[in-house]
Amino acid sequence: MFRILVSDAISEEGLAPLRKSEQIEIVQKKVTEAEDRLHEFDALLVRSATKVTEELLSKMPNLKIIGRAGVGVDNIDVEAATKRGIVVINAPNGNTVSAAEHTFAMMAALVRHIPQAHVSVKSREWNRSAFVGTELQGKHLGIIGFGRIGSEVAKRARAFGMIVHVYDPFLTKERAEKLGVSIHTLDEVLACSDIITVHTPLTKETKGLLGEKNLAKTKKGVYLINCARGGIIDEKALIPFLQSGHVAGVALDVFEQEPPGDHPLFAFDNVIVTPHLGASTVEAQLNVATQVAEEVLQFLEGKPVTSSINLPTLSKDVYEKIQAFYNLAKKMGMIASQYMNIPVQELSVTYAGTVADLETTYITRSLLAGFLRPRVASTVNEVNAAMIAKERGITYGEKFSDETHGYANCISLTVQGENKTFTIKGTHIPNYGDRIVHFDGFTIDFAPEGHLLYIQHQDRPGMIGKVGNILGEHQVNIATMQVGRQQAGGKAIMMLSLDKPIDDALLQKLTEIEDIETAKRVEV
Ligand SMILES: NC(=O)c1ccc[n+]([C@@H]2O[C@H](COP(=O)([O-])OP(=O)(O)OC[C@H]3O[C@@H](n4cnc5c(N)ncnc54)[C@H](O)[C@@H]3O)[C@@H](O)[C@H]2O)c1
Ligand SMILES: O=C(O)CC[C@@H](O)C(=O)O
């Protein structure tokens with residue numbers, strides 16, 4: 001049974017695909033109400049209210065995936081989730097239009113004093129002169145952050161006859177031209193805009209972006225809008241600019257602390273606010289819930305998720321192409337790790353042939369996860385393998401070569417350990433399977449699966465028989481046996497696949513056979 005905790009209000013209709021599965025149990029409770037079951041859940045679905053902290057994750061040891069029904073993941077400790085091998089996914093475009101429309105609603109409300117007029121009329125006043133506003137047409141709109149929502153706001157601004165100025169350090173010229181905007185510096189946007197709206201994520205760079213220094217660069221009489229994340233506009237720094245009248249009005253849908261409680265900005269009549277409603281439409285909530293539900297189902301079926309925050313995103317087509325190599329690489333990593341049962345400093349993966357043209361980043365992550373799995377007690381997967389490798393001082397890199405050793409594709413792994421370098425090469429043969437074709441300096445050909453027994457020995461007559469006899473005496477059946485040698489009478493190896501694993505005593509007995517130099521178990 002796959003258990004899912006839904007701890008924020010997520011569209012029931014959107015969750016329908018999950019409810020259809022008999023293998024899935026959905027529990028809709030706040031985290032604080034589900035304390036007794038937190039250890040059971042495989043998935044956690046949230047919006048922005050639930051704070052997914054390191055502490056919460058420590059109470060959810062079975063958690064495999066966190067689904068964010070929205071864009072921003074600043075309420076999720078992604079690093080802590082990654083360290084635990086937990087995939088974090090979001091719904092990046094499900095609420096874009098709703099947020100852009102809410103921004104515009106706030107903009108119009110701000111410049112036409114709609115909330116204030118609403119309260120006035122409901123208080124039985126009819127004070128029309130008190131609410132003279134300004135048109136949006138012809139005004140200069142500064143957009144800070146030109147991603148999904150910022151670009152949708154720009155489209156609507158043009159429809160209102162506004163002149164759009166954009167600041168986004170990551171916006172390429174090509175995209176700017178494609179979207180019909182010119183790129184400006186932040187100072188230019190601050191100096192020329194009648195209205196400024198922010199649409200960036202909350203990051204180290206954007207937190208307090210509109211603080212005292214940059215607010216001072218804005219035009220007197222500027223209007224400010226934040227429907228992105230609390231803190232991008234520094235709420236405390238705003239106060240003197242509101243008191244002096246430099247800032248004509250502010251519209252906030254998001255706050256540094258949510259809920260904001262009794263906030264000093266609420267003392268200003270020209271500050272209008274909504275409770276983080278940018279995504280609160282029927283359409284947006286259906287979109288984000290559906291997207292997250294579909295991603296969780298994909299994950300459950302062992303298929304790639306397409307909107308992961310902490311994994312390379314793969315299309316279904318790409319995933320199908322790399323699947324075979326993803327499995328081969330993982331097995332190669334597991335074999336190498338067990339064979340080289342010493343501390344290692346570096347893994348170098350070389351791709352040749354058809355595999356070299358694929359999304360090798362994901363394949364390398366799979367190999368790394370396979371290498372670390374026998375060495376790490378906690379969960380190791382493609383999500384956290386890179387982080388764990390770094391923690392253990394293991395570097396890794398990819399290379400590409402034309403040398404396929406006569407195969408259509410070849411993955412070579414070279415492991416650099418203390419005073420030992422080990423190389424293993426593998427290939428995937430469609431409709432046949434995976435083969436290891438080179439092992440620690442020997443040419444060989446074996447399937448990387450099952451209970452493997454590696455033996456290095458001197459090439460003498462009868463060696464194979466001696467090993468076979470001892471295994472037979474201990475009721476251990478040999479499923480397959482492959483041999484390799486560097487030259488007649490020199491060093492040679494056997495790679496046996498056994499029907500069951502052998503114990504330490506039998507392994508020791510094998511190493512005591514004359515002319516046997518090494519015997520190692522490898523489980524794949
Ligand atoms: N109020 C709501 O309910 C609501 C709804 C949806 C999204 N949001 C928030 O709105 C924000 C934007 O969402 P989006 O989907 O457009 O995200 P996005 O990732 O598509 O766009 C963000 C843009 O900000 C730019 N950016 C990043 N750092 C910047 C910086 N230092 N200066 C200027 N630009 C910078 C990026 O290049 C990107 O183009 C996010 O914080 C999201 O959480 C809020
Ligand atoms: O879930 C919400 O209501 C807000 C979501 C929004 O802030 C987002 O980042 O997608």
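All values reported here derive from a predicted model rather than from experimental measurement. Just follow the structure's listing: the first ligand is 1, and inside any ligand the first atom is 1.
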* Asked: With a 4.0 Å cut-off on heavy atoms, does S48 reach ligand 2?
  ->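 S48 counts as a contact of ligand 2 under the 4.0 Å cut-off.
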
So, are [X] and [Y] salt-bridged, with charged N and O less than 4.0 Å apart?
X    : Y    : answer
E359 : K321 : no
E382 : K330 : yes
E35  : K59  : yes
K83  : E54  : no
R37  : E25  : yes

Tell me if the NZ atom of K331 is crowded by more than 12 foreign heavy atoms within 6.0 Å.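 Atom NZ in K331 is crowded, with more than 12 foreign heavy atoms closer than 6.0 Å.
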
Within 6.0 Å of CD in E301, more than 12 heavy atoms from elsewhere: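 Atom CD in E301 is packed in, count exceeds 12.
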
What protein heavy atom sits nearest [atom], and how far away is it?
atom                    : value
atom 15 (O) of ligand 1 : R148 NE, 3.0 Å
atom 4 (C) of ligand 2  : H276 NE2, 3.4 Å
atom 10 (O) of ligand 2 : V71 N, 2.6 Å
atom 7 (C) of ligand 1  : I149 CD1, 3.3 Å
atom 25 (C) of ligand 1 : D168 OD2, 3.2 Å
atom 5 (C) of ligand 2  : R68 NH2, 3.4 Å
atom 29 (C) of ligand 1 : T206 CG2, 3.8 Å
atom 33 (C) of ligand 1 : P169 CD, 3.2 Å
atom 1 (O) of ligand 2  : R47 NE, 2.8 Å

Quiz item: Taking atom types as modelled, is there a side-chain donor on K139 or T134 under 3.5 Å from an acceptor on the other?
Solution: yes

So do [Y] and [X] actually touch side chain to side chain, heavy atoms under 4.5 Å?
X    : Y    : result
I233 : L209 : no
S7   : L44  : yes
L252 : V273 : yes
L18  : L45  : yes

Quick note, ring pair (Phe, Tyr, Trp, His ring centres under 6.0 Å) partners involving residues 271-321, not counting sequence neighbours, are none

- Query: Could you give all pairs that pass the ring pair (Phe, Tyr, Trp, His ring centres under 6.0 Å) test and reach residues 94-130, with sequence neighbours left out?
  - Reply: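 Checked against ring pair (Phe, Tyr, Trp, His ring centres under 6.0 Å) - neighbours excluded - the pairs reaching residues 94-130 are F104-F160.
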
For [X], atoms of ligand 1 separated by under 4.0 Å from a heavy atom:
X    : value
G278 : 1 (N), 2 (C), 3 (O)
H199 : 12 (C), 22 (C), 23 (C), 24 (O)
F146 : 39 (O)
T200 : 11 (C), 24 (O), 33 (C), 34 (N), 35 (C), 40 (C), 41 (O)
Y167 : 32 (N), 33 (C)
G72  : 43 (O)
N95  : 6 (C)
H276 : 1 (N), 2 (C), 3 (O)

One should read off an interatomic distance between N75 CG and R68 CZ, to the nearest 0.5 angstrom, of 5.0 Å

For ligand 1, find out whether one of its N or O atoms is nearer than 3.5 Å to an N or O atom of [X].
X    : value
R229 : yes
T96  : no
V71  : no
D74  : no
F170 : no
I144 : no

**Asked** If hydrogens are left out, which of P201, G147, C227 has an atom nearest to atom 44 (C) of ligand 1, that is, the closest non-hydrogen atom?
**Response**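 The nearest heavy atom belongs to C227.
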
Closest heavy-atom approach to atom 9 (C) of ligand 1 among S280, P275, A228 is made by A228

Item to complete: Have a look at ligand 1 and work out which part of A99, if any, has a heavy atom under 4.0 Å from it: side chain, backbone, both or neither.
Response: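 It is the side chain that gets close, since no backbone atom is under 4.0 Å.
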
Do the side chain of [X] and the main chain of [Y] share a donor and acceptor less than 3.5 angstrom apart?
X    : Y    : answer
Y351 : T364 : yes
R47  : A9   : yes
E295 : S307 : yes

Item to complete: Taking only heavy atoms of G70 into account, list the atoms of ligand 2 that are under 4.0 Å away from them.
Response: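 Those of ligand 2 that fall under 4.0 Å from G70 are 10 (O).
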
So the atoms of ligand 2 within less than 4.0 Å of a heavy atom of G72 turn out to be 8 (C), 9 (O), 10 (O)

message: Please work out, at 4.0 Å between heavy atoms, whether the side chain, the backbone, both, or neither of V288 comes within that distance of ligand 2.
response: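 Looking at V288 and ligand 2, no heavy atom falls under 4.0 Å.
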
Worksheet item: Is the closest heavy atom of T203 to ligand 1 under 4.0 Å?
Response: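 The answer is no, since T203 has no heavy atom less than 4.0 Å from ligand 1.
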
